[in-house]
Structures are given as C-alpha cells and as structure tokens.
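As the structure lists them, so they are numbered: ligands from 1, and atoms in each ligand from 1.
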Amino acid sequence: MEQLRIPGPTPCPPEVLQAMTRQMINHRGEEYGRLQDEVIGALKKIFQTKNDVLLLTGAGTGGMEAAVVNMLSPGDTVLAVSIGVFGERFAAIARTFGAEVIPLDFEQGKPADPDAVRRALRDYPRVKAVLVTHNETSTGVTNDLKSLSAAVKEFDKLLMVDAVSSLGSINLPVDDWHCDVAISGSQKGWMVPPGMAFVSVSPEGWRAHQQAKMPRFYWDFTKAKNNAEKKQTPWTPAVSVVYALATSLKMMLAEGIDNIFARHARVTRIARDGVRSLGLPLLAADGCASHTVTAVGPFNGPDVGKLLKIMLAEHQTVLASGQGKLAGKIFRIGHLGWVHEDDIRQVLASLEAALPKAGFRA
Ligand code: PMP
C-alpha cells in the first residue's frame with residue numbers, strides 16, 4: 001500500500017472508510033440531526049471550546065474565506081501575520097473582499113514574534129482583526145499562538161486563526177487562547193477525507209459578525225447558526241464525510257486528546273532525529289517545529305523533485321514538495337492524523353535508500 005506522507009489529505013483508518021459506504025439519509029431528517037449534534041459535540045471537546053462550532057461543506061480555504069466575509073466589512077483594516085504560503089493566502093482572501101491588509105511577514109522557517117505584533121498594533125490602532133496561521137504547513141513551523149493571542153488581546157482586537165493543519169493534532173485550547181474564530185479542515189488531523197471545514201466563533205466573533213458587511217451567501221454564518229439550531233446545515237452537507245467524522249471523532253475521544261498530542265510529538269521527534277542522522281538539514285528549529293509536518297532543507301544543489309520521484313516509484317512513499325518560495329528547495333514529511341511511529345521509521349528507511357540515488361550526499 002502507498003505510504004501517503006503529505007500534510008493532507010491524510011490516510012484514513014479502515015473503520016472510517018467503512019463508515020463512508022453507508023447509504024444516504026435525509027439531511028433534513030432526525031437521524032441526520034442526531035449525527036450532526038454528536039459530531040459538533042465531539043468537535044467542541046477537541047477544539048476545547050464552549051463556542052459555537054459550525055460545520056461547513058468545503059475545503060479549508062472555504063473556511064478561511066467564510067471567516068473573513070463573516071467578520072469584516074470592506075475598508076476594515078486587518079493585520080495579517082504571515083510565516084509562509086498559508087499566511088499569505090489568509091491575507092489575499094481579506095484583500096480580495098476589500099479589507100485594507102497590513103502585512104506582517106516573517107522569514108520562512110521562523111515563527112512570528114509577538115512583540116512585533118504588539119509594535120504593529122501600536123502603530124496601527126485602526127486594526128480591527130489579526131489573522132494568524134497556527135501551524136504553517138508550507139514551512140513546518142508552529143507559531144506560539146498563546147503568546148500571539150496575549151499580544152492581540154492586550155489591544156482588544158479580534159483574533160482569527162487558521163488552524164487547518166493543527167487542530168486535532170496539536171494542542172490548541174480555543175477558549176483559553178481567546179481565538180474568536182478558529183478554522184480547521186477535515187482532511188488534516190481528523191483522519192477523514194477532504195470535504196468539510198469546521199469553524200468556531202466566540203461571542204465577540206458573533207458581535208463582529210452583526211456589523212460585518214462583506215458580501216456572502218453560501219458561507220453566511222447567520223444561516224449556518226440558525227440551521228444548526230435545527231440540527232441541520234443551510235445547504236446539503238457532505239453526508240459521507242459526516243459519517244466518517246462520527247467514526248473518527250469517536251476514535252479520537254477514545255484515544256484522548258492529550259494522548260493524540262503526545263503521539264504527534266513522538267512521531268515528530270522520530271522524524272527530526274532521523275532526518276538529522278541522515279545528514280540532512282531541518283528548516284525549523286526545535287522550539288517551533290511543527291508536530292504535523294517536517295520540512296527538510298533548504299537544498300541548493302541536489303534535485304528534490306528527483307528524490308520525490310524515486311520515493312514514489314521505488315518505495316511507494318508520497319512526500320510533499322516545497323511551496324511558494326521554497327518550491328524545489330525543500331521536501332516535507334506529513335505526520336498528522338492516523339500516523340504512528342513505524343510509519344515514520346519506514347519513511348526514514350526508504351529515504352536512506354533513495355537519497356544516494358537522487359544525488360544527495362550525506
Ligand atoms: N491553511 C493551512 C495551514 C493548510 O495547511 C491548508 C491546506 N494545506 C489550508 C489552509 C487550505 O486548506 P484546503 O487545501 O483544504 O483549502
């Protein structure tokens with residue numbers, strides 16, 4: 001079987017795939033309502049929140065767009081904290097819908113500095129919301145969201161968090177860290193296929209929503225909330241993904257969120273120690289290294305594309321290439337969701353065999 005080691009979509013356990021073979025049910029019926037309620041209840045436990053969690057049918061980017069258009073009005077100023085491709089995407093969405101975006105970019109491979117956020121908020125008092133990526137998948141860096149949140153809340157700003165590749169895998173207590181909006185996507189740590197986004201909204205977020213005038217229809221949170229009260233979604237949901245989620249969330253709660261976070265930390269340690277012992281560089285320092293994806297590089301000489309081709313052809317292992325400015329310079333090992341120590345050991349053994357063939361010298 002192929003070892004799919006990209007940072008999403010991730011492999012799904014057999015029980016989850018089996019759950020998806022179920023016949024369709026009426027998405028306006030009681031059986032679906034019970035399922036949706038159960039799924040939302042479990043999501044709230046993993047988000048560690050008492051806030052509303054909305055189920056949206058769409059990709060993670062849809063969840064990000066939904067957050068932007070439901071919280072902001074054209075002309076609002078946002079501070080867009082970016083440490084990579086997904087931070088830039090959040091900023092681009094806000095700009096597309098007419099926000100004035102103040103970019104605060106950090107070097108790729110480094111986390112955002114909370115004091116720089118403080119300085120920016122002091123310089124631009126008109127900022128209404130701060131956009132932050134919790135885990136930057138393109139560089140394998142996890143931001144210190146607790147400290148960033150403290151900086152944002154000193155200035156009483158709205159905190160909107162892209163947690164697409166962290167929630168469910170890396171500790172993110174949404175309420176304790178005062179996230180007004182936190183977004184995740186089904187194909188990441190949740191062990192289910194792509195197709196749904198989950199978005200939590202705080203009371204302060206709902207107050208901002210009341211004022212927000214950006215155009216929206218499909219993503220309208222008022223419609224989502226009103227329908228959630230009837231245990232429904234405004235539009236036809238990805239019913240099969242909801243089946244999958246009901247199963248995966250039971251598995252996740254049975255394992256326990258602290259155990260899940262510890263497992264992700266363990267596989268990360270194995271990945272990073274293994275990469276080092278192969279003589280390869282790691283993009284992120286230990287203190288900010290992501291527990292869901294490890295970025296290896298940067299390389300200037302050897303052909304990363306060739307390495308990934310050999311890994312696929314000879315080891316049935318799919319690794320991810322670099323994105324944006326890091327295209328061709330790094331590769332990434334995804335280790336989130338349904339992942340265990342032996343999966344990563346196998347990737348490392350395959351890499352050891354493939355590296356010399358691709359022209360990498362230890
Ligand atoms: N944000 C982050 C941090 C991500 O890793 C991704 C997916 N790689 C997205 C947003 C976008 O998610 P999607 O591809 O589901 O739109």
Okay, side chain of His264, backbone of Gly337: is any donor-acceptor separation there less than 3.5 Å?
yes
Which side-chain N or O atoms in residues 179-186 pair as donor and acceptor under 3.5 Å with protein atoms at least two apart or in another chain?
from: Asp180; atom 1: OD1; to: Ser202; atom 2: OG; distance (Å): 2.7
from: Asp180; atom 1: OD2; to: Lys153; atom 2: NZ; distance (Å): 2.6
from: Asp180; atom 1: OD2; to: Leu159; atom 2: N; distance (Å): 2.8
from: Ser184; atom 1: OG; to: Val164; atom 2: O; distance (Å): 3.3
from: Ser184; atom 1: OG; to: Trp190; atom 2: NE1; distance (Å): 2.8
from: Ser186; atom 1: OG; to: Pro193; atom 2: O; distance (Å): 2.8
from: Ser186; atom 1: OG; to: Gly195; atom 2: N; distance (Å): 3.2
from: Ser186; atom 1: OG; to: Met196; atom 2: N; distance (Å): 3.1
from: Ser186; atom 1: OG; to: Met196; atom 2: O; distance (Å): 3.3

For ligand 1, run through the N/O pairs with the protein that fall under 3.5 Å and put one pair on each line.
from: ligand 1; atom 1: 1 (N); to: Asp162; atom 2: OD1; distance (Å): 3.2
from: ligand 1; atom 1: 1 (N); to: Asp162; atom 2: OD2; distance (Å): 2.6
from: ligand 1; atom 1: 5 (O); to: Thr137; atom 2: OG1; distance (Å): 2.4
from: ligand 1; atom 1: 8 (N); to: Lys188; atom 2: NZ; distance (Å): 2.7
from: ligand 1; atom 1: 15 (O); to: Gly60; atom 2: N; distance (Å): 2.8
from: ligand 1; atom 1: 15 (O); to: Gln187; atom 2: NE2; distance (Å): 2.7
from: ligand 1; atom 1: 16 (O); to: Gly60; atom 2: N; distance (Å): 3.4
from: ligand 1; atom 1: 16 (O); to: Thr61; atom 2: N; distance (Å): 2.8
from: ligand 1; atom 1: 16 (O); to: Thr61; atom 2: OG1; distance (Å): 2.5

Side-chain donor-acceptor distances from residues 61-74 under 3.5 Å, at least two apart:
from: Thr61; atom 1: OG1; to: Arg89; atom 2: NH1; distance (Å): 2.8
from: Asn70; atom 1: OD1; to: His209; atom 2: ND1; distance (Å): 3.3
from: Asn70; atom 1: OD1; to: Arg216; atom 2: NE; distance (Å): 3.3
from: Asn70; atom 1: OD1; to: Phe221; atom 2: N; distance (Å): 2.8
from: Asn70; atom 1: ND2; to: Ala66; atom 2: O; distance (Å): 2.8
from: Asn70; atom 1: ND2; to: Trp219; atom 2: O; distance (Å): 2.8
from: Ser73; atom 1: OG; to: Gln211; atom 2: O; distance (Å): 3.4
from: Ser73; atom 1: OG; to: Lys213; atom 2: N; distance (Å): 2.9

Which other residues belong to the hydrophobic cluster containing Ile330, where Ile, Leu, Val, Met, Phe, Trp and Tyr are joined when side-chain heavy atoms lie under 4.5 Å apart, directly or via other members?
Leu283, Leu326
Would you call Glu100-Arg126 a salt bridge at under 4.0 Å N-O?
yes
Using the rule that Ile, Leu, Val, Met, Phe, Trp and Tyr join whenever any side-chain heavy atoms are under 4.5 Å apart, tell me whether Val318 and Val275 fall into a single cluster.
no
